[in-house]
Amino acid sequence: MSSNNHAYNRELQQDARSWAAFTGSKYTAALRQMTSPFTQGLLGDRPSARHLISVLDQHPLVGTDDDGPSLSDNGFYADDPWRFNGQTDFVELVLVVEMLRMFTPTVAGQEPELSSYKLKHTAEQFLRPHCDYVSNGRLIWAAAALGLDLVDRGGSLNLSVGVSEREHHYLRRLTGSGQERPRGHQFRPPGLLHLQDALARCAAGGPLTGAWVRPASAQVGAPFHDWLTAQVGRPDPVGDIANDYTAGVRDSDHPIASTPGELLSLLYDVEPSPSFYDAAVAAIAEWMATSPEAAPIRTDLVTRDAHEVAGWGAGPGDIEVYRYRCPCGFGEIVEEHDNTPGFREHDVHIRCDRCREEWLFAAGLPVRGWGLVPAIGAGRAQAG
């Protein structure tokens, strides 16, 4: 046996002895929990039983004070004692640690607002069937062990826990019964997919994949999104659509629209009222008129067809037809290319009475590179 394996086994044995003494359980049962696949560190280092125990003594908020323990199963300064079943208690506590690890922690200057009691219910929903019940106190215990920010609001068994509220809301919608599943994933907890895979592998007795590395925080440029969210509160139709759009992003109802074309794609899914669609067009027109980053819009490709033709003596060729959604979604934009020798004709046109009035092909672009601009405030132009 290598020295590394010997040191690892010794750590497990020391943890098992400490956990057995702390919980009043048998050493062999504690050792089984220390060696469980679920407790080997799914999103980071293996959680140490000795560290978890020490947190209840040494943590600056929930550690033991002059009056005795500050934390118990029911929460902060609850009078009831801890309850341990001697068989799965360590595994279940570690699973809560792993669930909290997948979120983005709050940073300096961000005041934690998420209640431990709400988080404990989310943990139960997410960790089922691996763990059926999570107490408020154990949720706080796991958060303290991870070094997450904890705030005492005073007079409550609950503490505020420093993880992303929007990521938590995403997970609630994903796992809660009767909840509509999120359709935008900008606030998906960064460790969620890895943890889901790891839990499934542990349950099936399969090998785990490589270690998870928390992604570095990066700001992705989305100028149109930034501009649109800055219009929130305007007392006009553009302000109205900005309000609704921003609320949908916040609640994971839809993804971020980095470009005006992506905003139109979102509208295809919700079938907006004519007035709401008009407000979107007005917003896009204003953005294009005032923003140097603005570029003509390409709508969603629906179908592509190509078929060969015999030609007229100069050899065979083919005809390509691309069909795109028109901006309002009730018609189409047809792009055609006749590649027959001697013909080689190319054309793009809008097959929608409404969009022909409201949208123009941007000047100076080839047919294959066409783009649209709103007719509002634009000079009339056609694709080259």
Side-chain angles (χ1 to χ4, degrees), residues 18-19 22-23 43-45 47-85 89-127 131-173 175-176 187 189-192 195 214 217 250-251:
S18 297
W19 191 256
F22 177 72
T23 61
L43 290 180
D45 294 337
S48 161
R50 285 166 290 166
H51 169 66
L52 286 165
I53 294 168
S54 70
V55 164
L56 295 180
D57 280 331
Q58 300 171 11
H59 191 273
L61 179 61
V62 302
T64 300
D65 60 20
D66 293 340
D67 296 325
S70 301
L71 192 64
S72 69
D73 256 326
N74 278 355
F76 190 53
Y77 277 116
D79 294 331
D80 61 315
W82 292 103
R83 298 177 293 276
F84 300 101
N85 62 22
D89 38 44
F90 180 74
V91 173
E92 291 168 356
L93 180 59
V94 168
L95 287 176
V96 179
V97 170
E98 298 292 358
M99 189 212 74
L100 291 175
R101 271 176 167 170
M102 73 175 164
F103 293 112
T104 301
T106 55
V107 297
Q110 285 182 310
E111 183 74 5
E113 297 289 347
L114 194 55
S115 165
S116 59
Y117 192 74
K118 181 179 286 188
L119 263 171
K120 85 105 178 173
H121 283 298
T122 304
E124 290 169 348
Q125 293 168 349
F126 175 73
L127 294 173
C131 176
D132 292 328
Y133 175 72
V134 176
S135 73
N136 186 36
R138 285 176 209 236
L139 188 290
I140 296 172
W141 186 359
L146 286 174
L148 296 174
D149 287 342
L150 295 172
V151 175
D152 175 18
R153 297 301 177 189
S156 172
L157 301 177
N158 312 321
L159 297 179
S160 296
V161 181
V163 296
S164 167
E165 289 187 85
R166 292 186 179 180
E167 291 175 6
H168 172 260
H169 180 71
Y170 177 98
L171 188 65
R172 290 276 289 192
R173 288 187 59 174
T175 60
F187 296 117
L192 173 61
L195 182 55
R214 183 178 294 277
S217 178
R250 182 180 59 247
D251 294 337

Visitor: Nearest heavy-atom pair of Ser160 and Arg153: which atoms, and what distance?
Guide: OG-NE, 3.0 Å
Visitor: Side-chain contact, heavy-atom cut-off 4.5 Å: Tyr170 with Pro189?
Guide: yes
Visitor: Please work out whether the ring planes of Trp141 and Trp82 are parallel, tilted or perpendicular, with thresholds of 30° and 60°.
Guide: tilted
Visitor: Kindly indicate, with the supporting measurements, whether the criterion side-chain contact (heavy atoms from CB on, under 4.5 Å) is fulfilled by Glu98 and Leu43.
Guide: CA-CA 6 Å; Glu98 298 292 358; Leu43 290 180; 3.5 Å; yes
Visitor: Has Thr122 got a side-chain atom pairing as donor or acceptor with Lys118's backbone, closer than 3.5 angstrom?
Guide: yes
Visitor: Does the side-chain hydrogen bond (donor to acceptor under 3.5 Å, both in side chains) test come out yes or no for Glu167 and Thr104, once each step is laid out?
Guide: CA-CA 8 Å; Glu167 291 175 6; Thr104 301; 2.7 Å; yes
Visitor: So does Leu159 get a backbone contact from the side chain of Ser116, meaning a donor-acceptor N/O pair under 3.5 Å?
Guide: yes
Visitor: Using modelled atom types only, decide if a donor and an acceptor are shared between the side chain of Arg173 and the backbone of His168 within a distance under 3.5 Å.
Guide: no
Visitor: Would you find a donor on one side and an acceptor on the other, under 3.5 Å apart, between the side chain of Arg214 and the backbone of Arg101?
Guide: yes
Visitor: Side-chain contact test, heavy atoms from C-beta onward, threshold under 4.5 Å: evaluate it for Gln58 versus Thr64 and give yes or no.
Guide: no
Visitor: Looking at every non-hydrogen atom in both residues, tell me the closest pair between Ile53 and Ser18 and how far apart they are.
Guide: CD1-O, 3.7 Å
Visitor: Quick check: does any side chain N or O of Asn85 sit under 3.5 Å from a backbone N or O of Asp89, one acting as donor and the other as acceptor?
Guide: yes
Visitor: For Asp73 and Arg83, indicate whether the former's side chain and the latter's backbone hold a donor-acceptor pair under 3.5 Å.
Guide: yes
Visitor: Less than 4.5 Å apart, any side-chain heavy atom of Phe22 and any of Leu56?
Guide: yes
Visitor: Would you check, one step at a time, whether the test side-chain contact (heavy atoms from CB on, under 4.5 Å) holds for Leu114 with Val163?
Guide: CA-CA 7 Å; Leu114 194 55; Val163 296; 3.7 Å; yes
Visitor: May I ask you to say whether Arg172 pairs ionically with Glu165, meaning some side-chain N is under 4.0 Å from a carboxylate O?
Guide: no
Visitor: State, yes or no, whether a side-chain contact exists between Glu124 and Tyr133 at a heavy-atom distance under 4.5 Å.
Guide: yes
Visitor: Nearest 0.5 Å, please: how far is CG in Asn158 from CG in Leu150?
Guide: 12.0 Å
Visitor: Out of curiosity, Leu95 CG to Leu195 CG, how far, rounded to the nearest 0.5 Å?
Guide: 8.5 Å
Visitor: Is the closest side-chain heavy-atom distance between Val161 and Pro112 below 4.5 Å?
Guide: no
Visitor: Locate the shortest heavy-atom distance separating Gln125 from Gly176; write the atom from each residue and the value.
Guide: OE1-CA, 3.8 Å
Visitor: Regarding Glu92 and Lys120, does a basic nitrogen lie under 4.0 Å from an acidic carboxylate oxygen?
Guide: no
Visitor: Measure the shortest side-chain to side-chain distance between Leu119 and Leu100 over non-hydrogen atoms and say whether it is less than 4.5 angstrom.
Guide: yes
Visitor: Under a 4.5 Å cut-off applied to non-hydrogen side-chain atoms, are Leu52 and Phe90 in contact?
Guide: yes
Visitor: Is a donor on one side and an acceptor on the other found under 3.5 Å between the side chain of His59 and the backbone of Ala145?
Guide: no
Visitor: Can you tell if the side chain of Phe126 reaches within under 4.5 Å of the side chain of Leu192, non-hydrogen atoms only?
Guide: yes
Visitor: Considering non-hydrogen atoms only, spot the tightest contact between Ile140 and Phe76 and give its length.
Guide: CD1-N, 4.2 Å
Visitor: Looking at Tyr117, I'd like to know if its OH atom is crowded, meaning that more than 12 non-hydrogen atoms belonging to other residues, nucleotides or ligands lie closer than 6.0 Å.
Guide: no
Visitor: Rounded to the nearest 0.5 Å, how far does CG of Asp132 lie from CG of Leu127?
Guide: 10.0 Å
Visitor: Nearest 0.5 Å please: distance from the OG atom of Ser135 over to the CG atom of Leu157.
Guide: 11.5 Å
Visitor: Taking Asp80's backbone N and O only, do any of them form a donor-acceptor pair with Asn74's side chain (distance below 3.5 Å, no angle check)?
Guide: no
